[in-house]
Amino acid sequence: MSFDSLGLSAEILRAVSEQGYTEPTPVQRQAIPVVLEGKDILAGAQTGTGKTAGFTLPLLQLLSQQAQGKGHRPIRALVLTPTRELAAQVAESIETYGKHLPLRSTVVFGGVKINPQIEKLRHGVDILVATPGRLLDHAQQKTVDLSHVEFLVLDEADRMLDMGFIHDIRKVLALLPSARQNLLFSATYSQEIKTLADKLLNAPVLIEVARRNTAAETVEQRVYRVDRERKRELLSFLVGSRNWRQVLVFTRTKHGANRLAQQLEKDGLSAAAIHGNKSQGARTRALAGFKQGDIRVLVATDIAARGLDIDQLPHVVNFELPNVPEDYVHRIGRTGRAGREGEAISLVCVDENRLLRDIERLLKRELPSEILPGYEPDPSIKPEPIKNGRNGGGDRGRGRAQQQAPRRRNTGQKTATAPEQPGARRKRSAPAAAKSGNEAPRSQNSRPQRPAAKGQQQSAPSEANGNRRAPQRRRQRATLLGG
DNA sequence: AAAAAAG
């Protein structure tokens, strides 16, 4: 099935094919014709399913079909997103697919100067992408007029509700004409979402492509048990010894993200942190640097757990498990997108046993757990409740290891060499690159070597029996992504 | 309890 049969105009199809896309994803196949018919939709698509194009393509089409007046152009389509990064991405998608159409669009979000935004709005745009806070700011200043909006898109609506945007959304709704077409996208269906959908949508067509709370099947998930204070060392070792081109690493706190990025730089890895306390400029730079390949390790809080679309991202590492199990699903969704293979590794210390259990309960399966030679957890370290705040996720707290020594094995885990349980998927053994025996790699000599070049040599014999693994680098993109 | 979003 190709894009041609979805009822899109030649200009849009041209832009799509110029991006190298040939085949619509399931959500696009379902959503595009329905939106073109003028119906409201409630779509349960997660990021990575191509849902952004699922609404931008038909929206562009509908807007371009209607004649535009020569003079003042009112905003006819409004897209709301929870984060600034997502807003920027959606706006980019609109630019890309609308480039052969005489439509204008712009994006407004906080953290950047408001005046250039006012300038663009005054100039007149057909499509506006926005985060709620800055949009209301504009509304109060009367620098935006929403009284002619015909199409409303709420992207990642569940996330917006989680972030407490419901009041802002209500205020925005009050500024819109009541006759309009509404598109609501949400990865999950909570009661709140249902309530919002009831209020917002008229006879919506339900579109469900990705099942709730299931990780993409192409993502290989594994857990490495390791002591908290050795996580950083293990991470650097993994990046170097497995020759990862790029990796997205999640921490629980902003402070932890900063600290880890600094430490990785000291290990000789180009790294940057991205979180909500960084200036918008720093956030944009970090993301751009990562997308360009200048930055090898991007350390992020859950700001990046949803909605970020980084092309060809093969590895995600949970440096710390998320407090909320659902966020695990969103985090690992950053890899293995649109049917490509990906790998999600969680570095788990004893303090996180409970978080791991919660995640496994949500996934309804046990994650394969391994111990890498040289990184065996110290059995004398007892679980401590996870503190939130400054000391929460770091490399402090040494010293307690020496104190008490109740020899208790950690439960429910297998070492890399232990026999697998019947029926369990066979796992690769620990990397050959790791030192054999019990000798722990010193942080000095385990320091990752810089990659020789951007082209990959496959990383060593550790891949030998990893026959499920795809080559790390692939270039063809047959499906249309975009958040 | 942390994170995001308005300044």
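Every chain is numbered from 1 and lettered A, B, ... according to where its sequence line falls, protein lines coming before strand lines. These values consider heavy atoms only, across backbone and side chains, with no hydrogens, waters or symmetry-generated copies.
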[N] [atom2] sits how many Å from [X] [atom1], rounded?
X	N	atom1	atom2	value
A:Asp351	B:dA1	CG	P	17 Å
A:His275	B:dA4	NE2	C1'	13 Å
A:Asp302	B:dA4	CG	P	8 Å
A:Arg170	B:dA5	CZ	P	21 Å
A:Arg159	B:dA3	CZ	C1'	7 Å
A:Asp327	B:dA3	CG	C1'	8 Å
A:Leu355	B:dA2	CG	P	13 Å
A:Gln280	B:dA4	CD	C1'	12 Å

Of the listed nucleotides ([options]), which one gets closest to any side-chain atom of [X]?
X	options	result
A:Phe165	B:dA4, B:dA5, B:dG7	B:dA5
A:Phe109	B:dA6, B:dA2, B:dA4	B:dA6
A:Arg134	B:dA3, B:dG7, B:dA5	B:dG7
A:Asn323	B:dA5, B:dA2, B:dA6	B:dA2

Would you say [X] places a side-chain N or O within less than 4.0 Å of OP1 or OP2 belonging to [N]?
X	N	value
A:Thr131	B:dA6	yes
A:Arg84	B:dA6	yes
A:Thr301	B:dA4	yes
A:Arg331	B:dA3	no

Per-pair distances, 0.1 Å, donor-acceptor, side chain in residues 170-181 of chain A, under 3.5 Å, sequence neighbours excluded:
unit_1	atom_1	unit_2	atom_2	d
A:Arg180	NE	A:Asn182	OD1	2.6
A:Arg180	NH1	A:Pro177	O	3.0
A:Arg180	NH2	A:Asn182	OD1	3.4
A:Gln181	NE2	A:Val35	O	3.1
A:Gln181	NE2	A:Lys39	O	2.7

Fill in: Partner set under side-chain hydrogen bond (donor to acceptor under 3.5 Å, both in side chains) for A:Gln141, not counting sequence neighbours
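Testing A:Gln141 for side-chain hydrogen bond (donor to acceptor under 3.5 Å, both in side chains), a comparison that skips the adjacent residues, returns A:Asp137.
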Worksheet item: So, A:His330 and A:Asp302: side-chain donor and acceptor under 3.5 Å apart, yes or no?
Response: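 Looking only at side-chain atoms, A:Asp302 and A:His330 do not form any donor-acceptor pair under 3.5 Å.
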Item to complete: Say whether A:Gln117 and A:Thr106, considering side chains only, have a donor N or O and an acceptor N or O under 3.5 Å apart.
Response: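 No, A:Thr106 and A:Gln117 have no side-chain donor paired with an acceptor closer than 3.5 Å.
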Discussion item. Does A:Gly111 reach a base, just sugar-phosphate, or nothing at all? Heavy atoms under 4.0 Å.
Written reply: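 Since only primed, P, OP1 and OP2 atoms lie under 4.0 Å of A:Gly111, the category is sugar-phosphate.
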Discussion item. Ring-plane angle category for A:Trp244 and A:His315, please: parallel below 30°, perpendicular beyond 60°, tilted otherwise.
Written reply: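 Rings of A:Trp244 and A:His315: parallel, under 30°.
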